[in-house]
Protein chains: 2
Amino acid sequence: MKNITIKDIALKAGVAPSTVSAVLNGKTRESRISEQLASRVRGIAADMGYQPNQTAVALRTGKTRVLGLIVEDISNVFFASLAKIIEEEADSIGYKVLYCSTENNEEKARERIRMLSQRQVDGFLITPTPGMRAEIDRLASQHKPLVLMDRYFPGLSVPHVVVDNYDGTQMAMQHLLEKRYRRIAFVTILLDQVQMHQRRQAYEDSLRVAGIPVEENLVLQLPYHCKPEESVQQIREFISENQGLDAIFFATNYVGVYGLEAIKDLGLSIPGQLAVICFDDHDIFRLYSPAITIVKQPVALIAQTAMQLLIRQFEKGAGTPRSSGSFQVLQPAQLVIRAST
Amino acid sequence: MKNITIKDIALKAGVAPSTVSAVLNGKTRESRISEQLASRVRGIAADMGYQPNQTAVALRTGKTRVLGLIVEDISNVFFASLAKIIEEEADSIGYKVLYCSTENNEEKARERIRMLSQRQVDGFLITPTPGMRAEIDRLASQHKPLVLMDRYFPGLSVPHVVVDNYDGTQMAMQHLLEKRYRRIAFVTILLDQVQMHQRRQAYEDSLRVAGIPVEENLVLQLPYHCKPEESVQQIREFISENQGLDAIFFATNYVGVYGLEAIKDLGLSIPGQLAVICFDDHDIFRLYSPAITIVKQPVALIAQTAMQLLIRQFEKGAGTPRSSGSFQVLQPAQLVIRAST
DNA sequence: CTGAAAGCGCTTACAG
DNA sequence: CTGAAAGCGCTTACAG
C-alpha cells in the first residue's frame, strides 16, 4: 500500500502539486486560491487519507521539528520526569523528541551529539557530562539551539537551567545545625560535576560557619559505577566506623537509596538515632520514611524553563546573533521537611 | 556555518557526488573505485568534518532508522526502564527512538500513532490503550513493523510480548493460600485492559479453587485518574471497613504505592497484621518494606524480546508477506518473596 | 573504473 | 488566481 502523496491529490483534483501544497499549508490567501478550489482539494486530501511525509518536509524546509534530549539515564526517575514534561511542552509546539542516555560515558556522550546532529534535530536539551564540554561549545558557536539542564559548564556561555545546589545544601545544613546536630556526615558519589562540587562546598562551608571542624572521615565518596550491594555495604561500614554520628546528608538520591538500606540493615531509627537529609531529584523517598528531609528539585520547573529557553532561541532564528550573556536561570531548591528531623 | 555536503567534498576532490557517495557508503567494490581514490575522498570528508544529512538519506532510501515508542507514561519507572533497554537495543542496530506518552487518553493515543507515521518511523513499539485497537489493526494490515508490549488485543494477530498475568497472579495467590491466609483483598485500578482482567480473573479463580467464596466487598477498584491523597484515603477506608483482612493483593504498583501509604497511616505491621503482595513493574518496593512479596515483571526481557520481534519484521522486509500467526511470546512473571509473608 | 541523471516528497520563489 | 520549475541532500540504476 503506497503512501498518498501531494502529487496523487493534485492528479485527482486536476491541479498542480504546488497548488495542493499551498492549500494544505493554509496559504490560500497568499496564493490567492479560491475558497472553492481550496475546500475541494482539502476534501480530496481527507478522502484519500493524505498524511504528509515529514521527512520530505524536513529536507525541504530544513526544520525537522525534532528535539534531541540527552540525559544521563532515561530510566532514572529524575530524568524520566524531565522527559515527560519536555515531551508535553514539545508536543504543544508540534515537536517530537529523540532521547539518548549517556551513562556518564564520555565517549558515548560525544557520539550521541554527533548522531543527533546528523539526524538534524532542531535543538538540544542536555544534561551534560564533563567530557561534553568541547562538543557543547562547538554546538553553541554554531548557534545550534541548545539548553543544558541540571548541570552546566562554568565559563561556557551556554543557556542552562539548574537549581541552586549551594543554596539548597546550605538550607539543609542550616536546618540540621539549628536542630543541634553536630556530627553530620556527607555521603556522595564520585562525580566530577559542578553541582556535586557545589553541594560538597556548601556542606563544608556550613560547618565552618557554625564553628564545627570539617572532618575528612565524615565524608564518604562512592565510586560512580558502584554496585548496589557494594554501595550499601560501604555505607554500612562507614556508619559503623563513625560512632556518634548525628545525621547524614546524602548528596544525591543515588546514594540516598543505598544509604537508607544500610541504615535499615543496621537497625537505626530515623530520626531517633540518625537524622537523614537527601538531595532528592524526585519524590521517591515519600514512602521510605516520612522522617527524611528532602532538598527537592523542581523537576517540572526545570524542564519547562529549559523549553522556554530553547523556544526563545528558535524565535531568534539563525540570523540574529545570540545575546552574548548566557541565559543563566537559577531556581533555588526547596526544602521539604517531612517530620521533625 | 553551512553544513558540508557530499557536493562540497566532490568539488574539492574533483570527482562526482555519486563517487563520493559510493566511497562513503563502502561501495568501492561494487563501483570498482580504486582504493587510492577512495582513501583520498575519505580523507577529504574527514578533514572537512562531513556529517551526512540523515533527513536526505531517509527521504531517498525510505528508511529513517527511527523507532516510535508509545507508552502510557514515560515518567513511570516501568516504562522508563523499558525505554532504557529499548534505547540500548535500538542503538546497537543504529536506530534512534522517538517517544510519546498516551496517559491512557484514547484521543491522544491515536494522534500519536498518526504523528509517528508522518514522521515515517520504521517501526513501532507500543503499550497500547484499548482505544488503539483499530489503529493498531490498520498498521498491522499495512505491514508496518510493530510490536505491542505489556498488553495486547485478544483476537488481533499482532506481535506482542506480555508476561503471563494470570499465571503470575495465581502464583502469588497460591503463596498466600499456602501460608493459610484466607481473607485476601484485591485492590486494583479501573482499567479496561486484558492484563487487568487476567489478574482479577486469576484472583477469583484461585479463591474458588481453594474453596473460599469470592466476596465482592473484598475487591476495591480505584478510578484511573484518582489523585494520590484520594487513593490513599479510599484504601484506608477500605481496610478499616473490612476488619479481619489477612492480606492484600495490589494488582499494580500504581495502587501498591498508595496502599502502602494507607497501611502505614493505619499503623498496621507488614506482614504481622497484614500480608502484602504486589504486582510490581519494577523493584520500587525494595526499600519500602522487605516483607512485601512481589510478582515481578521482567522488564529487560520484555524490551529485548520486543526488539527482537521488531527486528525480525525488519528482516522480512516489506516484500515478504508476514506469517499469519501472531508472534505471541509469553514470559511468566516471577515471584520474589522477600520475607516470610 | 567514473560521472550524469533521475528521483525520494515536499515547498518556495517566480512567471504568467 | 494557478502552474512550471528548481532544489533540499542524498542514493541508485545506468551509461560510458
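Convention: sequence-line order gives letters A, B, ...; per-chain numbering from 1.
Side-chain atoms of B/Thr61 lie closest to D/dT11 of the nucleotides D/dT11, D/dG7, D/dA4. In this structure, of D/dG3, C/dG9, C/dT2, it is C/dT2 that holds the atom nearest to the side chain of B/Leu37. The side chain of A/Thr19 sits closest to D/dG3 out of C/dT11, D/dC10, D/dG3. Distance from the side chain of A/Ala16 is smallest to D/dA4 among D/dA4, D/dG9, C/dC1.
One side chain, A/Ser101 or B/Glu87, offers a donor N or O that lies under 3.5 Å from an acceptor on the other.
A distance-only check finds a donor-acceptor pair linking the side chain of B/Arg40 to the backbone of B/Ala13 [under 3.5 Å].
Distances shown here put every side-chain N or O of B/Asn3 at or beyond 4.0 Å from the OP1 or OP2 atom of D/dG9. Proximity of B/Tyr50 to the phosphate of D/dG9: no side-chain N or O atom is located under 4.0 Å from OP1 or OP2. Look at B/Ser21 and you'll find a side-chain N or O under 4.0 angstrom from OP1 or OP2 of D/dT11. Contact annotation: A/Lys27 reaches the phosphate of C/dT12 (side-chain N/O to OP1 or OP2, under 4.0 Å). The side chain of B/Asn53 places no N or O atom within less than 4.0 Å of a non-bridging phosphate oxygen (OP1 or OP2) of D/dC8.
Between B/Leu59 and A/Arg32, the one whose closest nucleotide on DNA chain D sits nearer the 5' end is A/Arg32.
Considering only heavy atoms from C-beta on, B/Leu116 comes within 4.5 Å of B/Cys100 through its side chain.
With both ends at atom P, the span from C/dC1 to D/dT12 equals 22 Å, rounded to whole Å.
Residue contacts for B/Thr5: at a heavy-atom cut-off of 4.0 Å it reaches the sugar-phosphate backbone alone, with no base atom in range.
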